[in-house]
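Reading through the structure tokens given below for one structure.
Values below: all heavy atoms of this structure, side chains included; hydrogens, waters and symmetry mates excluded. Just so you know, residue 1 is the first one in the sequence shown, and it goes up from there. The structure presented is a predicted model; accordingly, all values stated were derived computationally and were not measured.
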Amino acid sequence: MDFPILLTVIIALALIFDYINGFHDAANSIATIVSTKVLTPFQAVLWAAVWNFAAFFIAVYIIGEFKIGNTIAKTVNENFITLEVIFSGLIAAIAWNLLTWWFGIPSSSSHTLIGGFLGAALMHAFLMDYHEVVASQPNLGTFATFKEALMKVTTQDVVKFSKVIPIFLFIFLAPVIGMIISIIITLIIVHLYKKSNPHKADKSFKRLQLASSALFSLGHGLNDAQKVMGIIGAALIYYHVNMLQDPVYLNIEAADRFNYFSKHYMWVPLVSFIAIALGTMSGGWKIIKTMGTKITKVTPLEGVSAETAGAITLFITDHFGIPVSTTHTITGSIIGVGLTKRISAVRWGITVSLLWAWVLTIPISAIVAGITYLIITYFS
């Protein structure tokens, strides 16, 4: 099947974003295992990449569906999805990801993708409403027309709040859940090993870190690869429904189209998981330094606790189909192990800076995507 050029570009850009997501978020799954010297950085990225890709088989043969991909595809009302909207969202997401990577800021690839998608869709709706107001009320002034169009956008259900509100809530809930679980795990481990030989216990935890980092990488793959799959799915579903008028897709309920797409285009999830694994192999050393040493010093015991807590959080959110940030999750988990020592063990200055990056990611990505969409429509 020959795809339109823009659709082909979108698929390519989405996979580039997936690759960037891999090296941007490599720190999430390997920072603690590198900082505790269990593996060298090169060994660690290979280890994480293998488990990122293994998540594909878990999703297909054990879970049997792609809940997070489905959620991402449905964050925007399908009546306001176009290829130009998706393209603009991807451009914004890639730009923000590269900017934060360059400055070593562990922001969320997930939220920048969602923010870009929402921002472009809202700008699309606004421009349609603006032209409608101009056509129906040509004597209105520019400001009045702008205000009228803005009011119309607020009544059109452009954003699916039933999908988006949980995503916003978990910006804060995911790190808190990770932190609480990591505190509990750390306290349990300390209690169980309090009479053990410290040297032998340390060696045991270094071996256990291989398992805990593998679990977290599995959760990272399950969570993040599906987000790109969701964006590609939204583009391909639009192509079949609006451009091809494909009777197969038209006769399927809108709520069920993504599940059909994921079976119809099985190569999409496959290449999505491959791309994130390849990106992880490329690493993101600036962010690894921030995650592994700047937030709090991490021992092998604490590395096991943080990674296991992060993995559990990701598996829970995947079960409920809530896209979360692996960056937020592991950061909360690392803070949790720091708190078990003392409050001052956490470098709160670094943590506050990270929090600002998290809060600003969605609105900045949305604004950049909206401007990108505006430029595209102006020149098209």
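Ring pair F168/F172: centre-to-centre distance not below 6.0 Å. Under the 6.0 Å cut-off for aromatic ring centres, H240 and Y265 qualify, their centroids lying closer than that. For F57 and F273, the gap between ring centers reaches or exceeds 6.0 Å.
Judged by distance alone, the side chains of K263 and N259 never bring a donor and an acceptor atom under 3.5 Å apart. For the residue pair S217 / W47, no side-chain donor-acceptor distance below 3.5 Å is found, with atom types taken as modelled. A donor-acceptor pair shorter than 3.5 Å can be found between the side chains of T280 and N52. A donor and an acceptor atom, one from each side chain of S88 and T372, are nowhere located under 3.5 Å apart.
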Quick one: side chains of residues 60-70, donor-acceptor pairs under 3.5 Å with protein atoms, not counting sequence neighbours, listed by atom name and distance.
{"from": "K67", "atom 1": "NZ", "to": "H319", "atom 2": "O", "distance (Å)": "2.7"}
{"from": "N70", "atom 1": "OD1", "to": "K74", "atom 2": "NZ", "distance (Å)": "2.9"}

Tell me which donor-acceptor pairs under 3.5 Å the side chains of residues 177-185 have, and how far apart each pair is, sequence neighbours excluded?
{"from": "S182", "atom 1": "OG", "to": "G178", "atom 2": "O", "distance (Å)": "3.3"}
{"from": "S182", "atom 1": "OG", "to": "M179", "atom 2": "O", "distance (Å)": "2.9"}
{"from": "S182", "atom 1": "OG", "to": "S333", "atom 2": "O", "distance (Å)": "3.0"}

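The salt bridge (Lys or Arg N to Asp or Glu O under 4.0 Å) search around K203 returns none, not counting sequence neighbours. Residues forming a ring-ring contact (aromatic ring centres under 6.0 Å, His included) with F170 (at least two apart in sequence, or on another chain): none.
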Step-by-step side-chain contact (heavy atoms from CB on, under 4.5 Å) determination, I86 to I231: CA-CA 7 Å; I86 297 169; I231 291 294; 3.6 Å; yes
Audit row: I188, H191, side-chain contact (heavy atoms from CB on, under 4.5 Å) steps and yes/no: CA-CA 5 Å; I188 291 170; H191 179 73; 5.8 Å; no
Working for side-chain contact (heavy atoms from CB on, under 4.5 Å), residues L244 and Y249: CA-CA 10 Å; L244 290 183; Y249 277 81; over 6 Å; no
Audit row: Y130, F146, ring-ring contact (aromatic ring centres under 6.0 Å, His included) steps and yes/no: CA-CA 7 Å; Y130 186 87; F146 183 92; 7.2 Å; no
Residue pair D129, F126: steps toward the side-chain contact (heavy atoms from CB on, under 4.5 Å) verdict: CA-CA 5 Å; D129 292 336; F126 172 76; 5.7 Å; no
Verdict with reasoning, Y373 to F87, per ring-ring contact (aromatic ring centres under 6.0 Å, His included): CA-CA 8 Å; Y373 182 81; F87 175 78; over 10 Å; no
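Nearest heavy-atom pair, A55 versus G221, reported as atom, atom and distance to 0.1 Å: CB-C, 3.9 Å. In this structure, V324 and N223 approach most closely via the heavy-atom pair O-ND2, 2.8 Å. A pairwise comparison of heavy atoms in S213 and E307 identifies N-OE1, 3.3 Å as the closest pair.
Residues F17 and F3 fall within the same hydrophobic cluster, defined by Ile, Leu, Val, Met, Phe, Trp and Tyr side chains chained together at heavy-atom separations under 4.5 Å. V368 and I375 fall into different hydrophobic clusters, where Ile, Leu, Val, Met, Phe, Trp and Tyr residues are linked whenever their side-chain heavy atoms come under 4.5 Å apart, directly or through other members. Note: the hydrophobic cluster containing L113 also contains V164 (ILVMFWY, side chain heavy atoms under 4.5 Å, direct or indirect links).
Pairs engaging residues 75-86 under the salt bridge (Lys or Arg N to Asp or Glu O under 4.0 Å) rule: E78-R257 [sequence neighbours left out].
The local environment of OH in Y193 is sparse, with at most 12 non-hydrogen atoms from other residues, nucleotides or ligands closer than 6.0 Å. Surrounding CD of E253 are at most 12 heavy atoms belonging to other residues, nucleotides or ligands under 6.0 Å away. When the shell of 6.0 Å around CE of M266 is examined, it contains more than 12 heavy atoms from other residues, nucleotides or ligands.
A donor-acceptor pair is defined here as one N or O able to donate and one able to accept, closer than 3.5 Å; such a pair exists between the side chain of N197 and the backbone of K200. Of the possible polar contacts, none joining the D18 side chain to the V228 backbone as a donor-acceptor pair under 3.5 Å is found. Counting only distance, with no hydrogens or angles, the side chain of T75 and the backbone of I72 share a donor-acceptor pair below 3.5 Å. With hydrogens and angles ignored, the 3.5 Å screen pairs a side-chain donor or acceptor of Q226 with a backbone N or O of L222.
The hydrophobic cluster containing V133, built from Ile/Leu/Val/Met/Phe/Trp/Tyr side-chain heavy atoms closer than 4.5 Å, also comprises L140.
Using bins of under 30°, 30° to 60° and over 60° for the plane-to-plane angle, the ring pair H111/H328 lands in the tilted bin.
Residues F216 and W51 have side chains not in contact (no heavy-atom distance under 4.5 Å, counting atoms from C-beta outward). Looking only at side-chain heavy atoms (C-beta outward), F320 and T317 stay at 4.5 Å or farther from each other.
Interatomic distance, CD1 of I11 versus OH of Y239, reported as 9.5 Å (0.5 Å rounding).
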